[in-house]
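Not measured: the values here are computed from a predicted model. When reading the values below, keep in mind they use all heavy atoms of this one structure, side chains included, and skip hydrogens, waters and symmetry mates. Counting starts at 1 for both ligands and their atoms, in listed order.
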Amino acid sequence: MNNSNIDVDAAIASIARKLAAYDAEQLDKTAYPNEAKGAIWSTVPAPDWVSGFYPGALWYAYEFAKRRDWPDREQWRHRADTWTVGLAEEQFTTTNHDLGFMIMDSFGHAFRLTGEQRYKSVVLQAAQSLAKRFSPKVGLIRSWGDIDDSRNYIVIIDNMMNLELLIWASDNGGPADLKRIALDHADRSIVEFFRVDDSTYHVLDLDPATGQVKRKYTHQGMHDESCWSRGQTWAIYGYAYLYEVTGVDAYLKQSIEAAQYYLARLPEDHVPPSDFNSDLVSVEFKDSSAAALAACAFFRLSRFSSTLVDKTKYWDAAVQTLSSLVKEPYFSTSSDFASALRYQARNYHSDASHRLTNTSLIFGDYYLLEALLAYDSALNLTNANP
Ligand code: GLY
């Protein structure tokens, strides 16, 4: 297996410098960083879907600070807590499906790393709020739109990432129903989101009264039958996570099939274009955030694979991806660029005036940190058990 020579400490220290700089200069601790073309982050308030990623990145920095015994580790905990508590009101929101991202990345990590009950109660309440967006008739959680909209019922593949909130809550004192809802969503998503070649649709619109699919289309990809690369990685990651917590083989199979589609189309540097069907494939149109997500998922798939061949395949895919992401042209140590990860894509759009590529996005740095921590954990485990 290829262990490359990724300098985890240098990469995380560099990302941490950018995270600390934002905290130092931003006095409003509820102005969450979102995207940036240059040095200055645009910000969003707590109800936005990306609000949890900055606190989440701070918790990952704290996790690493503890692991390496950084002298300023308690300062990292303080920063992470400060940016987490500003999201507390979101536990009651029922207006979107993104509570998984918002609450697990902030309060979820806070509880995992500190064990403080005040964080856990927020996660449990948020799961109850998210569950209100589930319709038994449809068998899916409604991603977008009003909870009572009787005409449209919109579900996106990204929703796979919000299931963790329900499963975690169910396994940690919340009602068993929450897990049932998550698994019903995952099961119907297998049927509806995947094409025969294992690529994914981005958006479904269903009839709320009958649960029938009315239309499948894209919002951030090139066209309705194309494969938006981040959507594909939400699916790979989502089903790998589900297998980890349920042991259900169908979820592992789904993650692997989606991963095969993705791996077969990757360019040499392991960073996909924003849409796999696009001929805009130069670095400017890539999505390194999708690559960071894929690396996180491939570390998981490597752990679960039963044969050495598969273990090696996913380990190498994860490590090659990560190696690319921590060096030029993808990694920026410069204060002229807001995020560490360059060449992230918000969306593909055939009309260039609506397209946002070659940008900073806070969630790319969040998943890059997650992948670096996963790599570091795996290496330490290997060294401990030669
Ligand atoms: N969940 C929205 C996105 O991936 O851009």
Under a 4.0 Å threshold between the charged nitrogen and the carboxylate oxygen, would Lys216 count as salt-bridged to Asp224? no

Any Lys/Arg nitrogen of Lys327 or Asp269 sitting under 4.0 Å from an Asp/Glu carboxylate oxygen of the other? no

Find out if a path of hydrophobic residues (ILVMFWY) with successive side-chain heavy-atom gaps under 4.5 Å connects Ile167 to Phe111. yes

Kindly confirm or rule out an N or O of Trp49 lying under 3.5 angstrom from an N or O of ligand 1. no

If you scan protein heavy atoms around atom 3 (C) of ligand 1, the nearest is Arg230 NH2, 3.3 Å

Please identify which atoms of ligand 1 are closer than 4.0 Å to at least one heavy atom of Asp158. 1 (N), 2 (C), 3 (C), 4 (O)

Atoms of ligand 1 under 4.0 Å from any heavy atom of Gln220, numbered from 1 in the order shown, are 3 (C), 5 (O)

Pair Arg77 + Glu116: basic N to acidic O under 4.0 Å: yes

Which atoms from ligand 1 have a heavy atom of Trp234 less than 4.0 Å away? 4 (O)

Inspect the contact between Asp9 and Arg68 and indicate whether a charged nitrogen and a carboxylate oxygen are less than 4.0 angstrom apart. yes

